[in-house]
Protein chains: 2
Amino acid sequence: MKGLTIGKVAKEANVNIETVRYYERLGLISKPPRTESGYRQFPVEVVQRIKFIKRAQELGFTLLEVNKLLSVSDGKDYDCHDIQQFASKKLEEIEQKISDLEKIKSILYDLSKKCPGQGPLDKCSILEEFKEGSD
Amino acid sequence: MKGLTIGKVAKEANVNIETVRYYERLGLISKPPRTESGYRQFPVEVVQRIKFIKRAQELGFTLLEVNKLLSVSDGKDYDCHDIQQFASKKLEEIEQKISDLEKIKSILYDLSKKCPGQGPLDKCSILEEFKEGSD
DNA sequence: ATAAAGTCTGTACTAAGGTACAGAGTCAAG
DNA sequence: CTTGACTCTGTACCTTAGTACAGACTTTAT
């Protein structure tokens with residue numbers, strides 16, 4: 001068979017078959033051609049695309065946002081102004097995310113450092129660090 | 001009234017009143033004392049805590065994960081081994097998140113750079129960059 | 001002292017992101 | 001040439017994270 005069956009795609013991308021169909025419905029991946037009998041024939045790239053989607057989700061982007069990200073990347077019908085706007089907004093968000101993650105990182109670091117020394121470790125408030133900049 | 005009413009907390013933390021109650025139910029914030037008549041009296045710190053929760057969510061942590069993060073930070077019933085494990089697992093995840101975010105960042109950067117020069121910008125695939133390391 | 005605004009509990013609803021069938025047809029291996 | 005593994009569509013269901021009342025009580029502002 002030409003192209004990948006849905007089962008292969010799902011397996012390669014580490015997702016449920018239904019998830020693939022779901023993404024197709026949402027337009028996150030494009031409708032693949034079908035065989036005579038109606039079986040989907042996916043191009044191999046779709047696996048990469050699904051992995052990207054999953055990853056972006058774990059980074060806190062919604063499927064809608066991922067969709068836009070991908071559409072722009074696909075060169076879909078957006079004008080330059082639109083893309084500039086979108087990119088710079090996302091960039092800001094990402095900067096903030098990175099900086100907050102760095103904070104959490106250093107907190108966790110402290111936390112685990114305090115640990116082997118025993119004690120109730122009650123003064124390691126994660127919140128202290130977040131007094132500024134989280135809002 | 002001693003402490004903050006639920007309405008004040010919600011307003012300060014920029015969330016719905018119901019969300020505050022919801023978090024209380026889940027144990028993300030502890031049950032506050034009540035007035036004679038049953039009104040909640042929240043300590044001011046709760047606002048900070050809720051902001052932290054919201055922020056962590058935007059970074060892709062589930063409420064369950066946030067709960068653990070906070071419990072550990074609160075010095076709750078975990079032994080050192082537990083905390084070490086947890087912290088190092090989370091640290092790894094965070095490192096990965098940061099590195100993926102950096103990737104997306106540079107992609108967006110490229111995207112917006114290509115833009116003013118017009119053209120269909122069809123070769124800026126976000127996916128190319130994700131071939132390795134996303135899984 | 002009375003209205004408006006706030007709060008209480010409990011239950012029900014929503015939206016996002018899937019997941020799980022049922023019932024029917026298709027493909028591939030022995 | 002049949003049996004088991006796949007796939008199809010469609011609908012229903014699930015979890016997470018809230019949100020929205022209803023009906024009753026409390027506080028506050030005038």
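Protein chains get the first letters and strands the later ones, always in sequence-line order, with residue 1 at the start of each. Note that these values count all heavy atoms, side chains included, but never hydrogens, waters or copies made by symmetry.
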With a 4.0 Å limit, can you tell me whether [X] has a side-chain N or O closer than that to the phosphate oxygens OP1/OP2 of [N]?
{"X": "A/Arg21", "N": "D/dC8", "result": "yes"}
{"X": "B/Arg25", "N": "C/dT11", "result": "no"}
{"X": "A/Arg40", "N": "D/dT7", "result": "no"}
{"X": "B/Ser37", "N": "C/dC8", "result": "no"}
{"X": "B/Thr19", "N": "D/dT19", "result": "yes"}
{"X": "A/Arg34", "N": "D/dT9", "result": "yes"}
{"X": "A/Gln57", "N": "C/dA16", "result": "no"}

message: Can you work out whether A/Lys54 or B/Gly38 has the more 5'-proximal nearest nucleotide on DNA chain C?
response: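 With A/Lys54 and B/Gly38 compared, the 5'-side residue is B/Gly38.
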- prompt: Of A/Tyr23 and B/Gly7, whose closest DNA chain C nucleotide lies nearer the 5' terminus?
  reply: B/Gly7
In whole Å, I'd like the distance from the [atom1] atom of [X] to the [atom2] atom of [N].
{"X": "A/Lys2", "N": "D/dT7", "atom1": "NZ", "atom2": "C1'", "answer": "20 Å"}
{"X": "B/Glu24", "N": "C/dG10", "atom1": "CD", "atom2": "P", "answer": "12 Å"}
{"X": "B/Leu26", "N": "D/dG18", "atom1": "CG", "atom2": "C1'", "answer": "10 Å"}
{"X": "A/Phe42", "N": "D/dT7", "atom1": "CZ", "atom2": "P", "answer": "10 Å"}
{"X": "A/Glu18", "N": "D/dC6", "atom1": "CD", "atom2": "C1'", "answer": "12 Å"}
{"X": "A/Ile6", "N": "C/dC27", "atom1": "CD1", "atom2": "P", "answer": "15 Å"}
{"X": "A/Tyr22", "N": "C/dG18", "atom1": "OH", "atom2": "P", "answer": "6 Å"}
{"X": "B/Gln41", "N": "C/dC8", "atom1": "CD", "atom2": "C1'", "answer": "14 Å"}

Nucleotide of D/dG18, D/dT19, D/dT7 approaching A/Thr5 most closely (side-chain heavy atoms):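 Of all the options, the side chain of A/Thr5 is nearest to D/dT7.
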message: The criterion is side-chain hydrogen bond (donor to acceptor under 3.5 Å, both in side chains); which residues satisfy it with B/Glu18, sequence neighbours excluded?
response: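 Residues passing side-chain hydrogen bond (donor to acceptor under 3.5 Å, both in side chains) with B/Glu18: none at all.
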[X] (side chain) donor-acceptor with [Y] (main chain) under 3.5 angstrom:
{"X": "B/Arg40", "Y": "B/Gly3", "result": "no"}
{"X": "A/Lys97", "Y": "B/Glu58", "result": "yes"}
{"X": "A/Gln96", "Y": "A/Glu93", "result": "no"}
{"X": "A/Ser73", "Y": "A/Leu69", "result": "no"}

Distance-only donor-acceptor test (3.5 Å): side chain A/Tyr39, base D/dC6: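 Side chain to base: pair found, below 3.5 Å.
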message: Closest-nucleotide mapping onto DNA chain D: is A/Ile17 or B/Leu64 further toward the 5' terminus? I mean the 5' end.
response: A/Ile17
